[in-house]
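Below, all heavy atoms of this structure are taken into account, side chains as well, without hydrogens, waters or symmetry copies. The structure presented is a predicted model; accordingly, all values stated were derived computationally and were not measured. Naming: A, B, ... by sequence-line order, numbering from 1 per chain.
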Amino acid sequence: MKWLFKSEPESFSIQMLKKNKITHWDGVRNYQARNFMRDQMQVSELGFFYHSNCAEPGIVGVLEIVKTAYPDHTAFDPEDPHYDPKSKSDAPRWFMVDVKFKQQFSETISLTQLRNNPKLKEMLILRNGNRLSITPLTEQEWQAVLAMGV
DNA sequence: GCCAACGTTGGC
DNA sequence: GCCAACGTTGGC
């Protein structure tokens, strides 16, 4: 399956991923997004990296899943902004996967461009008010976006 | 189980 | 900073 990972570049950007090479995608605190990660993501699957809540929101690159879901330890840490007291280490509520940098597009594929592509009419991220940080994409959507990238 | 109140997300 | 859309919480 193909995926889209959304992040605010101020907290985590594609530039940081490029530098780190591999990171754990922590901080997901939404059940639907968690279920995608925990139940469906497989090693070597690819995803787009989307920058949200910034000057130019859009798709900025490609990453690869390198480790399937395991407990998100940031939920156990009272000092962490994503701390969740209801997630216990013997019964973790939240999970994360590890992802690896693959590619950064030379230009952001902007939200406007995405909206203007008729092939992407059904893409979840473009739905009004969709706030899911992890969404699946169809193969057709994946190819259509790739074709827009430079 | 319903639903109002509240908090968060995210484009603009 | 505004505000619409959505998810979660908690009283009943």
Side-chain angles (χ1 to χ4, degrees), chain A residues 1-20 23-41 45-63 65 68-99 101-138 140-150:
Chain A
M1 200 168 301
K2 298 297 197 298
W3 303 99
L4 186 142
F5 289 72
K6 190 159 68 179
S7 176
E8 302 191 11
E10 268 194 38
S11 43
F12 189 74
S13 67
I14 185 114
Q15 288 82 5
M16 297 181 210
L17 179 62
K18 192 175 187 176
K19 204 166 105 199
N20 297 353
T23 192
H24 45 249
W25 199 269
D26 62 63
V28 173
R29 297 291 180 270
N30 169 284
Y31 289 103
Q32 234 184 313
R34 177 205 67 184
N35 292 348
F36 284 136
M37 282 200 297
R38 188 192 57 185
D39 305 336
Q40 302 206 44
M41 282 190 187
E45 287 182 338
L46 301 176
F48 287 126
F49 196 130
Y50 180 95
H51 280 175
S52 69
N53 211 3
C54 55
E56 194 183 22
I59 291 175
V60 292
V62 176
L63 50 71
I65 296 158
T68 53
Y70 59 105
D72 181 345
H73 58 77
T74 65
F76 308 141
D77 178 5
E79 302 298 315
D80 193 280
H82 299 294
Y83 174 60
D84 181 358
K86 291 178 218 150
S87 186
K88 311 284 184 200
S89 51
D90 58 349
R93 173 177 295 202
W94 304 115
F95 290 79
M96 58 191 180
V97 296
D98 285 357
V99 298
F101 176 83
K102 286 287 280 187
Q103 177 190 358
Q104 179 176 11
F105 297 129
S106 58
E107 289 173 37
T108 300
I109 305 172
S110 71
L111 183 57
T112 312
Q113 286 174 267
L114 295 170
R115 284 198 197 283
N116 286 338
N117 187 336
K119 291 179 183 164
L120 301 178
K121 275 211 158 20
E122 305 297 318
M123 202 162 105
L124 287 172
I125 193 83
L126 303 181
R127 293 248 183 100
N128 201 10
N130 193 330
R131 293 153 43 182
L132 270 185
S133 59
I134 306 273
T135 48
L137 284 85
T138 67
Q140 290 83 349
E141 288 166 345
W142 176 263
Q143 294 299 339
V145 173
L146 266 192
M148 300 168 76
V150 187

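- Ring geometry, A:F105 versus A:F48: the interplanar angle falls from 30° to 60°, so the pair is classed tilted.
- The side chain of A:K86 approaches C:dT9 more closely than any other nucleotide in the set C:dT9, C:dG7, B:dG10.
- Of the options A:Y83, A:Y31, A:F76, A:Y70, a ring pair (Phe, Tyr, Trp, His ring centres under 6.0 Å) to A:W94 is made by A:Y31 and by none of the others.
- Put simply, CG on A:L124 is 18 Å from P on C:dA5, counting in whole angstrom units.
- Rounded to an integer number of Å, the gap from A:R115 CZ to B:dG11 C1' is 8 Å.
- For the pair A:N53 and A:R93, both in contact range of DNA chain C, the more 5′-proximal nearest nucleotide belongs to A:N53.
- If you check B:dG10, C:dG7, C:dT9 against the side chain of A:E8, the one that comes closest is B:dG10.
- Going from atom CG of A:N30 over to atom P of C:dT9 covers 11 Å, rounded to whole Å.
- Across the protein-nucleic acid pair, A:L132 atom CG and B:dG11 atom P stand 13 Å apart, rounded to whole Å.
- In this structure, CD of A:E10 is placed 13 Å from C1' of B:dG10, rounded to the nearest angstrom.
- The separation between A:R127 atom CZ and B:dG11 atom C1' is 18 Å, rounded to whole Å.
- The distance from atom NZ of A:K6 to atom C1' of B:dT9 is 7 Å, rounded to the nearest whole Å.
- The structure places CG of A:L4 at 5.0 Å from CD1 of A:I59, a figure rounded to the nearest 0.5 Å.
- The only member of A:F5, A:W25, A:F101 that meets ring pair (Phe, Tyr, Trp, His ring centres under 6.0 Å) when paired with A:F49 is A:W25.
- Closest to the side chain of A:Q32, from the set C:dG7, C:dT8, B:dG10, is C:dG7.
- To the nearest angstrom, C1' of B:dG11 lies 13 Å from CD of A:E56.
- Not one side-chain nitrogen or oxygen of A:Y50 sits closer than 4.0 Å to the OP1 or OP2 atom of B:dT9.
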